[in-house]
Amino acid sequence: MTETPLAHVDRDDPEPPFEQVRRQIAAKVASGELAPGTRLPTVRALAEGLGLAVNTAARVYKELEADGVVETRGRHGTVVRGSAAAAGAGAVQAADEFVAQCRRLGIQVSDAVRLVTDRWPR
């Protein structure tokens with residue numbers, strides 16, 4: 001496993017490395033661990049820190065920007081956006097992960113909804 005303080009890549013995980021990193025950064029933004037305005041490492045630094053190709057790291061930032069989680073400010077780098085879009089992107093990502101896991105486990109939609117409903121009050 002390769003790691004930076006921002007994310008880690010599990011080479012044994014079938015999920016593509018860029019998606020692992022994108023998901024982790026989006027989750028940190030949604031949780032507030034990465035505050036609005038936080039400057040992220042350069043694409044090259046992210047790639048080196050995680051043992052990824054530069055193009056893979058660039059794809060992470062490009063997709064996060066498309067989701068409204070980060071914004072690129074030219075020479076000032078890539079920073080966390082301070083908007084509801086970032087929180088929404090995190091919630092969508094969490095839902096996508098839940099759905100994917102339920103499908104892998106063979107859980108039907110009605111059972112997945114019941115799981116969420118049963119746990120919501122907690």
Side-chain angles (χ1 to χ4, degrees):
M1 187 173 342
T2 311
E3 189 165 339
T4 72
L6 193 56
H8 66 273
V9 175
D10 181 351
R11 303 288 180 197
D12 295 326
D13 190 328
E15 182 177 49
F18 89 88
E19 181 58 26
Q20 291 180 45
V21 176
R22 189 204 63 76
R23 176 179 41 80
Q24 291 169 48
I25 293 172
K28 286 183 178 187
V29 171
S31 73
E33 186 176 340
L34 287 173
T38 300
R39 189 170 176 194
L40 301 181
T42 64
V43 168
R44 188 170 305 283
L46 181 67
E48 288 174 6
L50 295 173
L52 299 173
V54 172
N55 288 344
T56 301
R59 182 176 178 191
V60 169
Y61 284 174
K62 181 179 178 182
E63 294 204 11
L64 286 169
E65 188 164 25
D67 290 341
V69 176
V70 301
E71 66 181 286
T72 301
R73 296 181 178 169
R75 291 188 354 234
H76 299 287
T78 301
V79 297
V80 174
R81 289 194 57 193
S83 70
V92 168
Q93 179 60 36
D96 287 346
E97 292 170 20
F98 178 70
V99 168
Q101 183 67 17
C102 286
R103 285 182 175 154
R104 282 191 292 275
L105 295 171
I107 296 173
Q108 298 298 312
V109 172
S110 58
D111 294 329
V113 170
R114 190 175 62 253
L115 284 169
V116 172
T117 304
D118 290 349
R119 280 155 184 79
W120 194 265
R122 292 183 184 179

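What you see is a predicted model; the values in this text were computed from it and never measured.
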Between atom [atom1] of [X] and atom [atom2] of [Y], what is the distance when rounded to the nearest 0.5 Å?
X: Gln101; Y: Glu97; atom1: CD; atom2: CD; result: 9.5 Å
X: Arg114; Y: Ile107; atom1: CZ; atom2: CD1; result: 9.5 Å
X: Asp13; Y: His8; atom1: CG; atom2: NE2; result: 8.0 Å
X: Arg44; Y: Leu46; atom1: CZ; atom2: CG; result: 12.0 Å
X: Thr72; Y: Lys62; atom1: OG1; atom2: NZ; result: 11.0 Å
X: Gln20; Y: Ile25; atom1: CD; atom2: CD1; result: 12.0 Å

Checklist entry - Got a sec, which residues hit salt bridge (Lys or Arg N to Asp or Glu O under 4.0 Å) with Arg73, two or more places apart in sequence or on another chain? => result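 Glu71.
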
Checklist entry - Quick one: does Pro41's side chain get under 4.5 Å of Leu6's, heavy atoms only? => result yes

Checklist entry - Do Leu40 and Tyr61 touch side chain to side chain, with heavy atoms closer than 4.5 Å? => result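 Of all side-chain heavy-atom pairs linking Tyr61 with Leu40, at least one is under 4.5 Å.
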
Next on the checklist: Regarding Glu65 and Arg81, does a basic nitrogen lie under 4.0 Å from an acidic carboxylate oxygen?
Outcome noted: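 No, this pair does not count.
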
Next on the checklist: Assess the residue pair Arg39 and Thr78 against the criterion (side chain to side chain contact (heavy atoms under 4.5 Å, CB included)); give the C-alpha distance rounded to whole Å, side-chain angles, the decisive distance to 0.1 Å, and a yes or no.
Outcome noted: CA-CA 6 Å; Arg39 189 170 176 194; Thr78 301; over 6 Å; no

Item to check | Closest approach of Leu50 to Ala7 (non-hydrogen atoms, all atoms of both residues) | outcome: CD2-O, 3.4 Å

Checklist entry - Between Ala58 and Val43, which heavy-atom pair has the shortest distance, and what is it? => result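 Scanning both residues, the minimum pair turns out to be N-CG1, 3.6 Å.
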
Checklist entry - What residues form a side-chain contact (heavy atoms from CB on, under 4.5 Å) with Ala53, not counting sequence neighbours? => result Thr56

Sequence neighbours left out, what passes side-chain hydrogen bond (donor to acceptor under 3.5 Å, both in side chains) with [X]? Give chain and number order.
X: Glu63; value: Arg59
X: Arg103; value: none
X: Asp96; value: none
X: Glu33; value: none

Item to check | Derivation and outcome, side chain to side chain contact (heavy atoms under 4.5 Å, CB included), residues Val9 and Arg11 | outcome: CA-CA 6 Å; Val9 175; Arg11 303 288 180 197; 3.7 Å; yes

Checklist entry - Is a side-chain N or O of Asp67 found less than 3.5 angstrom from the main chain of Val69, in a donor-acceptor match? => result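 The answer is no, because no donor-acceptor pair under 3.5 Å joins these two groups.
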
Item to check | For Val113, the option from Val116, Leu115, Val109, Asp111 that meets side chain to side chain contact (heavy atoms under 4.5 Å, CB included) | outcome: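 That would be Val109.
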
Item to check | Working for side chain to side chain contact (heavy atoms under 4.5 Å, CB included), residues Thr38 and Val29 | outcome: CA-CA 10 Å; Thr38 300; Val29 171; over 6 Å; no

